[in-house]
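Working notes, beginning with the structure itself.
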Amino acid sequence: MKTFSELNIESDVLKALENMGFETTTPIQAEAIPTAIAGKDLIGQAQTGTGKTAAFGVPMLQKIDPNNPNIQGIVIAPTRELAIQVGEELNRIGQNKGVKTVPVYGGQDINRQIKALKRRPQIIAATPGRLLDHIRRKTIKLQNIHTAVLDEADEMLNMGFIEDIEAILAEIPAEHQTLLFSATMPKRIQLLAEKFMQQPEIVRVKSKELTVDHIDQYYYDVKENQKFDVLCRSLDIESPELAIVFGRTKKRVDELVEGLMKRGYSAEGIHGDIQQAKREKVIRRFKEQATDILVATDVAARGLDISGVTHVYNFDLPQDPESYVHRIGRTGRAGEKGNAYTFVTPREMDHLKSIEKLTKRQIDKKPIPSYEAVLEGLQEGAVEQLRQAIWANEGESYQEAAKRLLSEEEAVDVVASAIKLLTKEPSQTPVKLTAVEPLRAKKAKGQHNNRNRGQNYKGGNRNRNYNQNRNNRNNRNKQHNKQGGQKRQQRKNQNHSS
Ligand SMILES: Nc1ncnc2c1ncn2[C@@H]1O[C@H](COP(=O)(O)OP(=O)(O)OP(=O)(O)O)[C@@H](O)[C@H]1O
Ligand SMILES: [Mg+2]
């Protein structure tokens, strides 16, 4: 493993990385940073959560002149939340050097952005549509740009974005460095990308699998109308610290949030029809762990880095296998452990196979947890609570009442009733979701489907966590568990960027 000081990084940037707690480089950083510092165009591919942001951020920042008030670098990202996040990370890395990054994205008051741009940032982190808007208004000028980054490059060069990207790149001086990063890079997109670049180096971190191996991946073989109950049971048994549940459509996300709330879970949703201010609030609350479950369309599939996400559920299969890689990559980041559960209906088994083919990894089937298994877990949790109370000698002043009761009733009835009272049984409130069609086979190239833009128990103390979790869900106390296009327009409509 290399340290950052071996990579010819200037001291201001090194110091910032140190302040951020980055000690050793990740493999993509070790390979991409020197190549990019040498000025070469590059395509960088490495697994999710392995530090690609700094892999392009460091070399870009190295080239920025903090005394030059012009915009010198630009990062384009497919979603608003990602543009914001990348902006934040670049501000951290550029802090000591005095380099400012401003995020520019759709859905936010443009005048507010114009005001921020007057502070003369050297870098812009943007979604394509809003960036073009600023270019037309001449509130952003790109003639001093020397570095252009496409984060989630394959997505940016996909059908829905390509025209915007071409229009933006046409504004940048011919002499510039282009850096493309993603965890996935389908060959046809790579070939397309190379046309935008000058003899790019391809930096691909060699690994057997496309997904990181510390994410446990399973699937549930379920019928459409079983999915919701299975989700709830799985959540009850697994008791995630934070979970992201991906649904196929906006309506699906809304219905899932409603259903989960009815059953007492703390869940909020994010998709392209939700107002931007609300989207940001939802993400913020999830990061702060004020909400346990984020329900999302693919708008949250790429790039988002939220610590504490222990579980990803693909409630509906993603439209393409690449999306699977990105979705599950919201957990298991920066070396953490993660869990990914995918719901597959009988007619969708082929899709699962194509995911396995892309990721070069087998996804094992998990038996559907029964209601009884969930209840048993809860009862054990209650018993454990009682045991703890006995050991802690908490019942001393209750002994007289206990003796009286035991003289009147059978001991086993007394204890059984106490356990029952301590057991918060899973809500059986009926929830009916509008059924969705099974995912159909992908159409031939060039005719993309509309991509929606938009019994393994966990060790000895699961029950305690479980019970705490249930309680916390109700009183919103989060002390627990801390251990742990078809057409362009269509795509845009459902999406987020612009
Ligand atoms: N060298 C490092 N040492 C420690 N932590 C790091 C290092 N590099 C990055 N990180 C942290 O790892 C996390 C993941 O980084 P990042 O978001 O850049 O991943 P990514 O490769 O872009 O993932 P994705 O493909 O999902 O976009 C972040 O929280 C980041 O701060
Ligand atoms: Mg990233």
Side-chain angles (χ1 to χ4, degrees), residues 1-7 9 13-34 36 42-61 75-95 101 103 125 127 149-156 179-185 203-205 207 209-212 214-215 242 244 246 283 287 296 298-309 312 318 322-338 340 359:
M1 264 192 275
K2 279 197 172 131
T3 59
F4 286 97
S5 53
E6 292 169 67
L7 302 184
I9 301 168
V13 173
L14 264 183
K15 184 96 190 84
L17 292 168
E18 198 183 300
N19 291 341
M20 291 164 73
F22 290 15
E23 284 163 9
T24 52
T25 58
T26 64
I28 186 72
Q29 290 164 350
E31 286 191 51
I33 292 172
L42 93 82
I43 298 178
Q45 187 189 347
Q47 294 160 321
T48 52
T50 61
K52 292 186 288 295
T53 317
F56 62 72
V58 167
M60 177 162 75
L61 277 153
V75 181
I76 314 174
T79 67
R80 298 165 177 179
E81 286 72 22
L82 187 54
I84 296 169
Q85 180 187 298
V86 168
E88 285 168 355
E89 178 116 330
L90 296 180
N91 271 320
R92 279 194 290 269
I93 307 174
Q95 197 172 33
T101 302
T127 51
V149 180
L150 301 188
D151 194 13
E152 306 298 338
D154 55 332
E155 179 77 344
M156 303 305 306
L179 308 174
L180 266 51
F181 280 83
S182 182
T184 53
M185 186 57 70
V203 178
R204 189 169 277 144
V205 174
S207 62
E209 295 156 5
L210 205 55
T211 51
V212 288
H214 41 268
I215 303 178
L242 292 180
I244 304 183
F246 285 100
I283 296 282
K287 276 189 175 158
D298 274 333
V299 67
R302 286 191 178 242
L304 292 188
D305 182 64
I306 298 173
S307 74
V309 178
V312 169
E322 281 81 13
S323 177
Y324 174 87
V325 172
H326 294 279
R327 282 177 172 192
I328 73 157
R330 296 318 99 215
T331 184
R333 300 180 70 73
E336 296 275 315
K337 263 206 61 73
T359 60

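Note that the numbering runs from 1 along the sequence shown for the chain. Read the numbers this way: they start at 1 and go in the same order the structure lists the ligands and their atoms. What you see below is based on every heavy atom in this structure, not just the backbone, and it leaves out hydrogens, waters and symmetry mates.
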request  = Check each atom of ligand 1 against the heavy atoms of R330 and keep those under 4.0 Å away; list them by number with element.
outcome  = 26 (O)

key: Minimum-distance protein heavy atom relative to atom 21 (O) of ligand 1   = K52 NZ, 2.8 Å

ask   = In a check of side-chain contact (heavy atoms from CB on, under 4.5 Å) between E322 and each of T184, L210, T359, which one passes?
value = T184

message = Does any part of the side chain of F4, heavy atoms only, come nearer than 4.5 Å to the side chain of E23, both counted from C-beta?
response = no

key: Interfacing atoms of ligand 1 (cut-off 4.0 Å, heavy-atom, R333)   = 14 (C), 16 (P), 17 (O), 19 (O), 20 (P), 23 (O), 24 (P), 26 (O)

key: Main-chain N/O of T101 paired to N91 side chain as donor or acceptor, under 3.5 Å   = yes

ask   = What protein heavy atom is closest to atom 8 (N) of ligand 1, reported as residue, atom name and distance in Å?
value = Q29 NE2, 2.8 Å

query = Do V149 and I76 have side-chain heavy atoms sitting under 4.5 Å apart?
reply = no

key: Protein contact of atom 18 (O) of ligand 1 - nearest heavy atom, named by residue and atom, plus distance   = T53 OG1, 2.6 Å

Side chain, backbone, both or neither: the part of L304 lying under 4.0 Å from ligand 1 by heavy atom = neither

message = Quick check on contacts: which atoms of ligand 1 are under 4.0 angstrom from a heavy atom of F4?
response = 1 (N)

ask   = Purely on distance, is any nitrogen or oxygen of G49 under 3.5 Å from one on ligand 1?
value = yes

inquiry  = Is it the case that the side chain of Q95 and the backbone of A16 share a donor-acceptor pair, with hydrogens and angles ignored and the cut-off at 3.5 Å?
reply    = no

message = Under a 4.0 Å threshold between the charged nitrogen and the carboxylate oxygen, would E336 count as salt-bridged to R333?
response = no

N or O contact, T24 vs ligand 1, cut-off under 3.5 Å = yes

key: Polar contact flag for H326 and ligand 1 (N/O pairs, less than 3.5 Å)   = no

message = Within the 4.0 Å heavy-atom shell around E152, which atoms of ligand 1 are there?
response = 27 (O)

Nearest non-hydrogen protein atom, atom 14 (C) of ligand 1 = D305 OD1, 3.4 Å

request  = May I ask you to say whether D154 pairs ionically with R302, meaning some side-chain N is under 4.0 Å from a carboxylate O?
outcome  = yes

ask   = Does an N or O from F22, backbone or side chain, lie closer than 3.5 Å to an N or O of ligand 1?
value = no

query = What is the nearest protein non-hydrogen atom to atom 12 (O) of ligand 1, stated with its residue, atom name and distance?
reply = A334 CB, 3.5 Å

Any T127 side-chain heavy atom under 4.5 Å of T79 side chain = no

query = Which atoms of ligand 1 sit under 4.0 Å from any heavy atom of Q47?
reply = 21 (O)

ask   = Counting from 1, what ligand 1 atoms have a heavy atom of T50 closer than 4.0 Å?
value = 19 (O), 20 (P), 21 (O)

Kindly list each side-chain donor-acceptor pair under 3.5 angstrom involving residues 47-60, sequence neighbours excluded, with atom names and distances?
residue: Q47; atom: NE2; partner: S207; partner atom: OG; Å: 3.4
residue: Q47; atom: NE2; partner: E209; partner atom: O; Å: 3.0
residue: Q47; atom: NE2; partner: T211; partner atom: O; Å: 3.1
residue: T50; atom: OG1; partner: Q47; partner atom: O; Å: 2.7
residue: K52; atom: NZ; partner: A46; partner atom: O; Å: 2.9
residue: K52; atom: NZ; partner: Q47; partner atom: O; Å: 3.0

key: Residue pair R80 / P103, side-chain heavy-atom distance below 4.5 Å   = no

